[in-house]
Amino acid sequence: MADIIDGKRVAEDVVETVRKRTAELTAAGHRAPGLAVVIVGEDPASQVYVASKSKKAKECGFHSVQHTLPADTSEEQLLELIADLNADPAIHGILVQLPLPRHLDAGKVIQTIAPEKDVDGFHFINVGKLGTGETETAFVPCTPAGSMILIERVRGKDLSGLNAVVVGRSNIVGKPMANLLLAANCTVTIAHSRTADLPALCRTADILVAAVGRPEMVKGDWVNPGATVIDVGINRVPAPEKGEGKTRLVGDVDFKAASMNAGAITPVPGGVGPMTIALLMANTLVSASLAAGFPRPTF
Ligand code: GUN
């Protein structure tokens, strides 16, 4: 049976470190880290995410601001707000919640955020730094950065000699995850919907990361004995056994079957999910520390 990786506990460790470093920063007379979260429109799932980000920021001792804009906000108005936040010395991190309403060009909006305040790690400058191994100065997207901390807790920081398979090639998770694993000396393969014989490829993995957004797609017998399995998926599926109309959350991995083979595995919920928000706090602290001339905190 696999060890269950407790993402909730590791996330609490990260947040505790953020809280301590924030207190040191402010005790030295510097500004508290400032996080601005921007949401456009009324997507209920986005509102839940944004509220939990703002709440966690306050818990960390941050200056936390939320801008809620109407769904019909023009691109010009949104870009103007981002320009103001870029210029505001009290703000160290800017997050524009995605998805944006269709009339707004998300790519253009993201590239307008100052790279040194891009705590999502989506700006081309940060993508390029990660891709060229400049991990000391890059902002790395929160979900893969959090997943990497979980992998390090199991395998240590140097992953030399290990084969990693990342299933999914998104810009937000799959590609940055592959770059992080490569920077840690893994031999990395990115698999996707057009990959031939995905089960056989997954069986070559010492580290298997599933980030496809398809409920329980990765089967138990795709998992190499002893592999570290990181399940990034959060999928809501019907759960008639809990009553009519009820649902439950599952990952991209068939957890029960995979835990028979894996050495360690993340559950859903309680695995990667809590790490994403913890790393947003960590990235905001990094930005504020660098602005204050402090060394970059590590996690
Ligand atoms: N929507 C869902 N996840 C994310 C995220 O990590 N960052 C942003 N900006 N929007 C999201």
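Both counts, for ligands and for their atoms, begin at 1 and track the order of listing.
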inquiry  = Closer than 4.0 Å to some heavy atom of L95 - which atoms of ligand 1 meet that?
reply    = 9 (N)
query = Side chains of R296 and S289: donor-acceptor distance under 3.5 Å anywhere?
reply = no
query = To the nearest 0.1 Å, how far is atom 6 (O) of ligand 1 from its closest protein heavy atom, and which atom is that?
reply = D120 OD1, 3.8 Å
Option passing side chain to side chain contact (heavy atoms under 4.5 Å, CB included) with V232 (candidates V173, V166, T276, D252) = V173
query = Tell me, which protein residue and heavy-atom name are nearest atom 1 (N) of ligand 1, and how many Å apart are they?
reply = L98 O, 2.8 Å
remark   = For V96, the ligand 1 atoms with a heavy-atom partner under 4.0 Å come out as 8 (C), 9 (N)
request  = Using modelled atom types only, decide if a donor and an acceptor are shared between the side chain of D231 and the backbone of V253 within a distance under 3.5 Å.
outcome  = yes
request  = Compute the shortest N/O to N/O distance between Q97 and ligand 1 and return yes if it is under 3.5 Å, no if not.
outcome  = yes
request  = Using the side chain to side chain donor-acceptor pair (under 3.5 Å) rule, take N261 and D221 through it: C-alpha gap first, then chi angles, then the decisive distance, then the call.
outcome  = CA-CA 8 Å; N261 283 340; D221 67 351; over 6 Å; no
inquiry  = Less than 6.0 angstrom separating the ring centers of F62 and H92, yes or no?
reply    = no
ask   = For ligand 1, is there an N or O atom under 3.5 Å from any N or O atom of F122?
value = no
